[in-house]
Colleague: 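Pasting a structure here, questions to come.
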Amino acid sequence: MESGDVTHQCAAPRCPAQVPISWLLCRYHWQMVPATIRGRVRAEYRPGQARDQHLSLAYRRAARSAVHAVAEHDVRESRAPERRRIWAS
């Protein structure tokens, strides 16, 4: 990103990354979203919507699904060490 670019915080819970205004998530979290949901987000995105704040209902639903997928991934990852300990004993 260049200085002066408009940014916002990644929509993933507790992620401090700043991303371009046209992005929903940082690259790290975007890769956690299943391809089908990423496709829905892209299909429903309208250039300029972040600036004028006119988000369609379909985009908001797709974005919510993407953020939910990231949160679910984080929950699974947080439980992974616990599962490994159980199998190791």
Side-chain angles (χ1 to χ4, degrees):
M1 285 181 284
E2 296 178 18
S3 64
D5 289 347
V6 178
T7 63
H8 71 100
Q9 189 171 336
C10 172
R14 297 175 305 283
C15 180
Q18 291 294 308
V19 298
I21 194 77
S22 60
W23 293 16
L24 175 64
L25 300 162
C26 65
R27 289 179 191 207
Y28 175 77
H29 286 112
W30 184 246
Q31 293 306 311
M32 292 179 188
V33 178
T36 53
I37 298 174
R38 288 194 314 253
R40 283 183 27 222
V41 171
R42 285 188 195 110
E44 299 302 336
Y45 177 78
R46 179 184 53 79
Q49 72 180 18
R51 292 185 194 278
D52 65 22
Q53 295 297 303
H54 293 296
L55 309 175
S56 70
L57 178 58
Y59 177 81
R60 290 194 313 260
R61 285 181 176 160
R64 191 175 315 122
S65 294
V67 172
H68 180 74
V70 169
E72 287 293 314
H73 181 273
D74 287 348
V75 166
R76 285 192 308 274
E77 285 298 308
S78 70
R79 292 181 181 161
E82 181 179 303
R83 286 194 302 260
R84 283 193 291 269
R85 276 197 309 272
I86 291 170
W87 287 106
S89 23

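Excluded from the calculations below are hydrogen atoms, water molecules and symmetry mates; all remaining heavy atoms, backbone and side chain alike, are included.
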Colleague: Quick check: closest heavy atoms across S65 and R40, and the distance to 0.1 Å?
Modeller: OG-NH2, 3.3 Å

Colleague: Please report the closest heavy-atom contact between C26 and C10, naming both atoms and the distance.
Modeller: N-SG, 3.3 Å

Colleague: By the side chain to side chain donor-acceptor pair (under 3.5 Å) test, which pairs, at least two apart or in different chains, include something from residues 21-37?
Modeller: none

Colleague: Kindly give the heavy-atom pair with the smallest separation between A66 and V41, and that separation in Å.
Modeller: CB-CG2, 4.1 Å

Colleague: Looking at every non-hydrogen atom in both residues, tell me the closest pair between A62 and I37 and how far apart they are.
Modeller: O-CG2, 3.9 Å

Colleague: Who passes side chain to side chain contact (heavy atoms under 4.5 Å, CB included) against H8, sequence neighbours left out?
Modeller: V19, I21

Colleague: Quick one: pull up CG in L24 and CZ in R42 and give me the separation to the nearest 0.5 Å.
Modeller: 11.5 Å

Colleague: I need the full list of side chain to side chain donor-acceptor pair (under 3.5 Å) pairs touching residues 49-61, with sequence neighbours left out, sorted by first then second residue.
Modeller: R46-D52

Colleague: Can you name the residues that form a side-chain hydrogen bond (donor to acceptor under 3.5 Å, both in side chains) with R38, not counting sequence neighbours?
Modeller: none

